[in-house]
Amino acid sequence: MSTIFDNPSLRQMDESLMRIVQSRCRNRVSNFFMIVMTYLGGGVIWCVWAGFLCGHPATRQLGICCYVSFWSAWLISSQILKRVFGRPRAYDAMQDVVPLVPRPKDLAFPSTHAADAFSVAVLLLLTRPPAEGCVAMV
């Protein structure tokens with residue numbers, strides 16, 4: 001099945017950016033930061049935040065909405081859209097790319113991390129005080 005990512009120009013641009021990141025952005029500090037962000041972005045931070053909200057009667061409904069938003073985004077991005085776009089991960093498409101974390105087995109696009117985070121952050125931005133919403137968006 002042909003996808004948008006079969007475009008040679010897009011693939012060349014993508015590979016060029018990946019090579020820049022691999023050659024210029026890897027060091028002890030950035031590697032550590034990216035590894036931590038990968039695991040937090042995998043849902044831990046959003047589940048903890050939603051759990052915190054569920055623990056207080058005044059914000060319990062919002063906490064439940066956060067869980068629903070998070071799991072809905074996960075379902076749509078990882079179980080539906082990844083199959084539609086069929087985009088391989090960089091280390092599968094480029095043999096010389098070495099990942100910092102164990103290799104996930106799913107496809108690359110769309111980013112489930114980004115979908116999960118964005119779904120909850122937007123919910124918080126729309127329902128919480130501006131400072132909390134802005135922190136969530138960051």
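All figures in this text were calculated on a predicted structure; none of them were measured in a lab. The residues of the chain are indexed from 1 along the displayed sequence.
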Sorted by chain and residue number, the side chain to side chain donor-acceptor pair (under 3.5 Å) partners of Trp49 (sequence neighbours excluded) come out as none
By side chain to side chain donor-acceptor pair (under 3.5 Å), Ser30 pairs with (sequence neighbours left out) Asn27
Whether the side chain of Ser69 engages the backbone of Ser119 through a donor-acceptor N/O pair (distance < 3.5 Å, no angle test) should be reported. yes
Check your understanding: Is Asp116 reaching over with its side chain to a backbone N or O of Trp74, donor-acceptor style, under 3.5 angstrom?
Key -> yes
side-chain contact (heavy atoms from CB on, under 4.5 Å) filter on Met13, not counting sequence neighbours, yields Leu10, Leu17
Those residues at least two apart in sequence (or on a different chain) that pass side-chain contact (heavy atoms from CB on, under 4.5 Å) with Tyr67 are Cys47, Ala50, Cys54, Trp71
Salt bridge (charged side-chain N to carboxylate O under 4.0 Å, His left out) pairs touching residues 65-82, sequence neighbours excluded, are Lys82-Asp106
Interatomic distance, CG@Leu125 vs CZ@Phe118, rounded to 0.5 Å, equals 9.0 Å
Side-chain polar contacts of residues 131-138 - donor-acceptor pairs under 3.5 angstrom, sequence neighbours left out - could you list them?
residue	atom	partner	partner atom	Å
Glu132	OE1	Arg128	NE	2.8
Glu132	OE1	Arg128	NH2	3.2
Glu132	OE2	Arg128	NH2	3.2

Residues at least two apart in sequence or cross-chain that pass salt bridge (charged side-chain N to carboxylate O under 4.0 Å, His left out) with Arg19, listed by chain then number, are Asp96
Hits for side chain to side chain donor-acceptor pair (under 3.5 Å) against Gln61, two or more places apart or cross-chain, chain-then-number order -> none
So the salt bridge (charged side-chain N to carboxylate O under 4.0 Å, His left out) pairs with at least one residue in residues 64-80 (sequence neighbours excluded) are none
When Val29, Ile35, Val36 are each screened for side chain to side chain contact (heavy atoms under 4.5 Å, CB included) with Phe32, the one that passes is Val36
Applying side-chain contact (heavy atoms from CB on, under 4.5 Å) to Ile76 and not counting sequence neighbours gives Leu81
Sequence neighbours excluded, the answer for ring pair (Phe, Tyr, Trp, His ring centres under 6.0 Å) partners of Phe33 is none
Those residues at least two apart in sequence (or on a different chain) that pass side chain to side chain donor-acceptor pair (under 3.5 Å) with Thr59 are none
In this structure, CG of Leu53 is separated from SG of Cys66 (nearest 0.5 Å) by 5.5 Å
